[in-house]
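Just so you know, these numbers come straight off a predicted model, no measurement behind them.
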Amino acid sequence: MAKPQGYQIILEKRAKKEAENIPPLQRHRIDKAISSLSVNPRPVSCKKITQKEGYRIRAGNYRILYTIDDKAKIIVIYRIKVKGKDTYK
């Protein structure tokens, strides 16, 4: 019996650039959280974003913002930000 395929994860250019500035310890935590999304794109800890389309998960003080395309099985991560006033803008 074949295993069901997980979701493909795509990091947008902006998210990649934001990830470059994250310290290694937090980056490891974020990488782990992102990898887990391929198996479970809507973990219990995720929250639906109300002002924009998509979801967010926490990784320490950082928020990973993403959208899900269930038909294509693709997750697009568009922001990785420290929690603050402008995180969801």
Side-chain angles (χ1 to χ4, degrees):
M1 182 179 251
K3 285 186 189 176
Q5 292 291 325
Y7 284 70
Q8 177 186 359
I9 296 177
I10 298 171
L11 260 74
E12 286 188 349
K13 190 176 183 179
R14 186 176 189 178
K16 284 182 185 177
K17 192 167 182 111
E18 291 168 343
E20 290 173 2
N21 299 321
I22 297 171
L25 183 62
Q26 285 87 357
R27 178 65 196 261
H28 177 71
R29 184 180 292 169
I30 289 167
D31 290 343
K32 222 169 128 178
I34 289 172
S35 319
S36 72
L37 289 174
S38 68
V39 178
N40 183 8
R42 293 178 187 88
V44 174
S45 62
C46 84
K47 302 279 184 193
K48 182 122 175 70
I49 298 173
T50 56
Q51 297 155 347
K52 276 185 141 181
E53 178 187 348
Y55 297 87
R56 74 144 168 94
I57 56 171
R58 289 179 53 193
N61 290 334
Y62 288 84
R63 301 298 182 263
I64 301 164
L65 309 178
Y66 62 99
T67 58
I68 303 169
D69 181 343
D70 286 312
K71 284 186 179 180
K73 293 216 174 237
I74 294 174
I75 294 172
V76 177
I77 297 173
Y78 61 91
R79 299 295 305 264
I80 302 172
K81 295 282 291 176
V82 173
K83 171 70 168 108
K85 286 187 218 175
D86 67 337
T87 301
Y88 303 106
K89 292 183 182 179

By the definition side chain to side chain contact (heavy atoms under 4.5 Å, CB included), identify the one residue from I57, I80, I75 that meets it with I34. I80
Of all heavy-atom pairs linking K73 and G6, the shortest is CD-O, 4.2 Å
Which atom of T67 lies closest to which atom of G54, heavy atoms considered: CG2-CA, 4.1 Å
Counting only heavy atoms not in D31, do more than 12 fall under 6.0 Å of its CG? yes
Nearest heavy atoms of I68 and P41, plus distance in Å: CD1-O, 3.6 Å
D70 vs Y7, test: side chain to side chain donor-acceptor pair (under 3.5 Å). Steps then yes/no. CA-CA 8 Å; D70 286 312; Y7 284 70; 2.6 Å; yes
Taking a hydrophobic cluster as the set of Ile, Leu, Val, Met, Phe, Trp and Tyr residues connected by side-chain heavy atoms closer than 4.5 Å, whether directly or through intermediates, do I74 and L65 fall within one such cluster? no
Is it true that, when you exclude K13 itself, more than 12 heavy atoms of the residues, nucleotides or ligands shown sit nearer than 6.0 Å to its NZ? no
Once you round to the nearest 0.5 Å, how far does CD1 of I30 lie from OG of S35? 11.5 Å
Going from CG on L11 to NZ on K17, what distance comes out if it is rounded to the nearest 0.5 angstrom? 14.0 Å
So which heavy atom on A59 is nearest to which on R29, and how close? C-CD, 3.8 Å
Can you list the steps and then say if I49 with Y55 is a side chain to side chain contact (heavy atoms under 4.5 Å, CB included)? CA-CA 5 Å; I49 298 173; Y55 297 87; 5.5 Å; no
When rounded to the nearest 0.5 angstrom, what distance separates CZ in R63 from NZ in K81? 12.5 Å
Roughly how far, to the nearest 0.5 Å, is the CZ atom of R42 from the OH atom of Y66? 7.5 Å
E18/E20 under side chain to side chain contact (heavy atoms under 4.5 Å, CB included): CA gap, chis, key distance, verdict: CA-CA 5 Å; E18 291 168 343; E20 290 173 2; over 6 Å; no
Taking all atoms of both residues into account, what is the closest heavy-atom pair of Y78 and E53, and its distance? OH-O, 3.4 Å
Side chain of R27, backbone of A19: donor and acceptor closer than 3.5 Å? yes
